[in-house]
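Below, chain A is the first sequence line, B the second, and so on; all start at residue 1.
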Amino acid sequence: MPTPSLYTRFLHSFVTSGIPNPGLALATQLLVINIYSLVTVVAAGSFGIWHLFHGNAPVGSLEIAAAVVVLGNALLLRATKHVNLACDILLVSAVGLLIVLFMSGGFAMTGIFWFFVFPVAAFFLVGRAQGLLWIALLYVVILLLTVLGQLQVVHIAYSADEIRQLLVSLAVVTLGIYIYERTREQADATAIDLEAHMQGNERSLHEAQNRAEAIIENIGEGIVVSDGHGTITLVNQAAEDLLGWSLGEMRDASFTAHFMLCDEVGAPLPVARQPLQVVLRQGKSARQKGQLTRKNGRLFDTVVTTTPIITDGQVVGAIAVFHDVTDERRIERAKSEFVTLASHQLRTPIAAIAWLSELLLEDEEKFSSEHLEHIKQIYRSNKRLAQLVSQMLLLSSVELGQLPIQPESVDVAALAKRVLDGQVAALSKSKELHIKAHFDPALSRVSLDEEITKIILQQVIGNSLKYTPEGGCISIELVKGTNDFSLVISDNGYGIPKHQHGKVFSKFFRAENITSKDTDGSGLGLYVVKALLDYVGGAISFDSTEEKGTTFVVTLPLAGMRSSKAEERPSG
Amino acid sequence: MVVEDELLLLQAITKKLKISDMDVLSCASGQQAVDYLNNLEKLPEAIWLDYYLKDMNGLDFMQVLKANPKWAPIPVVVVSNSASPEKVHTMLGLGAKKYILKAEFRLDEIIAIIREFIQEAAEMQEGDTQVPLPPPPTEGDPQ
C-alpha cells in the first residue's frame, strides 16, 4: 500500500481526533463530532460575525461564543481523548445555539435545518437512550421559553401556532430517527448472531474434517480418493506404504498414472474397467479383485472396494479402499490347488469302480437279482461321486479365475434342444413327463463358450426333470430380450419351501422336501451354476412354491461371453 | 494297444476289449509301448493312450509316434483323467483322433468310438471316401 499522502493523513487525523484505531462505533461518533463541530463553528462563526456587523450584538456575540465553545471542545477532545465529555459539551452547545436561534427567529432561513439535525446528531453521539433525554431537554426548554413568552417575560419571535408546528415536527423527526435506530440495532444484532452462528458452524466443520482426516490417515487399509474426473485428491498413509508413491506424487495426477488395477497375469485392465472409472460412471459401489503395481514395479494381490461420493444426486468423486491380500490369496490358491490335485487323484479309482462295475454287469446272468441291484447301486453312487469331483474341480478353477472362456458362435436353440434331449434320454424309462419347448425364432447365434453354457443348461434342465414326479409338466422357453436372452424353465414338481429360498444357491444345499423323495444330488449343482454365471456375466433367478412347482430363469448377455485365457499364475 | 500306467484300470480295459472280441496289447508304460511298436510284426490298428504315464506324458509319446512314418497312420484315442483345453487342443493338433475323459465315458462307449476310427482308417487305406464321424454319445446311466 503506498504511504498515504499528507492530505489523507491530515483528513484521517481530523476525523478521528487523533485517536488511534477506533472501532466502528467510536469512529462513527468521532466523525459526527468533528463534522458537526466543523460545520457549527463555520456557520455559527459566520452568522455571528454577520450579526455583529449588522448591529445585532447580542445574537452575534452569542453565536460567536457558541462557535468558540464548540471549537474549544474539539481541541479539548484531541488533547484529552474524552469522547463522552466532548459529546456532552457539544450537545449543550447545540442546545444553546438552538435556543438563540429560537429566540431570534433564526429558523426562518437555514437555521431550521439545524433544528432537525439535532435529534440525529444526539442519537449518533450518545446513543438512543441518552439521545432521547437530550431531545426531551430541548423540548422542555422550548416549552419553558414559550410559557415565559406568553407571560411576556421574554420575547419570542414565533407565534403559538408556529411553535406548535415546530414541536410536532421535532417529535415526528425524533420518532423517525428512533425507529430507524431500533431497526438498525436489531439488524446489527441479527448480523452479529448470524456471524457467531456461522463461525460456530465453521468451527464444527473444521473439527469434523480434522477428525475424518485423522481417521482416514490411521486406517490400516489403503484409501485413495478421487474427484469426479478421476484425479486423485487424497491418499492415506497405508496407501502410500502399499503403493510406494507418496501423497505428493499421487495427488493431482490422474488415477491412470499410479492406481491401475491389473488382472491375474499383471496386465492392466482397460481404463473403462478400472474401479474408480466404473464407480464414477455408474454411481454404484464395486468390488474387484486383481493386482496393483508398486512404484518399484512389483505386483501384489489386492481386493479393491470402491464407493461413489454423491452430493445432490451427482457423483462428485469416488473412494477406493484396498489392502494387500497376498497372504490370503496364497492360502486360497493352496487350497484350490489341493482340491485340483486331490480331484485328479480321485478320478483314477472312480474310473476303476465305474469300469469294473460295468464289467460285472456284463455277466448279469451270474448274479442273483439282489447282487445285481447292489452292483447297480455301486455304479450309481460312483457316478454321483464322479459328478461331485467334476463340480469341485470346476468350482476351484472358477474361484482361482483359471477357467478359460472360449466363446464361439453358438446356436443357442440347437444347444438347448440337444441338452434337453440328452437329459430326457437319461431319465428312467418309467418316468413320463410332458415337455413343451418353445424357442424364440428371433434368437439365433450368440458368442458363448459352448462347454460352459452346456454345463449350465444341463444342471438347470436336469434339475427340473429330476424334481418333477411322474406325469408332471415341464415348459422350456428361450426368450430374446433387448440386451440379453433368457432360458425360462417351469415345472409343476416338488417346488422349494419358501423359507429355504435364500439358501438355494449355497454350497451343498438340498431342500428339506426332496431329501425324502427318491432323488439324489450333491447339492453343489446350483452353486456351480451361479458361480459360472457370475464368472461369464450372466444371472439366474427363480420362483417356487412347495408342491406347486418351480420356475428358473437363466439370463445371458446377447453380447455374449468375454474371452478369457486363464493362465497359471507364476508362484511367488 | 492300450497304454495305461494304472494297473487296475489297465486290467479292466483289457478284459473289456477281450470280451468285445478285440485283440489287446497291454502296456504299462510309454517305453514298453515303444518297444512293442519297434518289435512287432503287425502294428496295432488303434492305440488307447493315457495322458499321464510314469515315464513320459502323452505329448512326448504322440511326437515319437508321428515321427515314425510307419506308426503315424495308427488312430490314437487319448483317454485321460484331466482335460484342459490346452492339452486337448495340443493332442488333437498332433493327430489324436479324440480326447476322452475317463470319468465321463463307459468302457463300451469308448470301445465303440475306437471301432469307428479303426473302420475309418481301414476304409481310408482302401481309398474309399471318409466315413463321417459319429455324433458324441449322449450321457446316460444303465438303470
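In this structure, chain B has no heavy atom under 4.5 Å from any part of A:E451. For A:Q406, the part lying near chain B is the side chain, with the backbone staying farther off; criterion is any non-hydrogen pair under 4.5 Å. Of the atoms belonging to A:A352, heavy atoms from both backbone and side chain fall under 4.5 Å from chain B.
Under the rule for a side chain to side chain donor-acceptor pair (under 3.5 Å), B:D5 has no partner lying at least two apart in sequence or in another chain. Residues satisfying the side chain to side chain donor-acceptor pair (under 3.5 Å) test with A:S390, not counting sequence neighbours, are A:R347.
Within residues 49-69 of chain B, no residue has any heavy atom closer than 4.5 Å to a heavy atom of chain A. For a heavy-atom cut-off of 4.5 Å, chain A lies close to B:L9, B:A12, B:I13, B:K15, B:K16, B:I19 in residues 9-21 of chain B.
Counting non-hydrogen atoms of neighbouring residues, nucleotides and ligands closer than 6.0 angstrom, the NZ atom of A:K417 reaches no more than 12 such neighbours. Within a 6.0 Å radius of CZ in A:F439, other residues, nucleotides and ligands contribute more than 12 heavy atoms. In the displayed structure, B:D23 atom CG is contacted under 6.0 Å by at most 12 heavy atoms of other residues, nucleotides or ligands. By the 6.0 Å contact criterion, CD on A:E370 is open, its count of non-hydrogen atoms from other residues, nucleotides or ligands being 12 or less. The neighbour count for A:F338 CZ, taken as heavy atoms of other residues, nucleotides or ligands under 6.0 Å away, does not exceed 12. Counting heavy atoms of neighbouring residues, nucleotides and ligands inside a 6.0 Å radius, atom CD of A:E358 exceeds 12 of them. More than 12 heavy-atom neighbours from other residues, nucleotides or ligands sit within 6.0 angstrom of CD on A:E365.
Using a 4.5 Å heavy-atom threshold, the side chains of A:T348 and B:L8 count as separate.
In this structure, NZ in A:K383 is found 7.5 Å from CD in B:E104, a value given to the nearest 0.5 Å.
In terms of heavy atoms, B:F105 sits closest to A:W355 at O-NE1, 3.1 Å.
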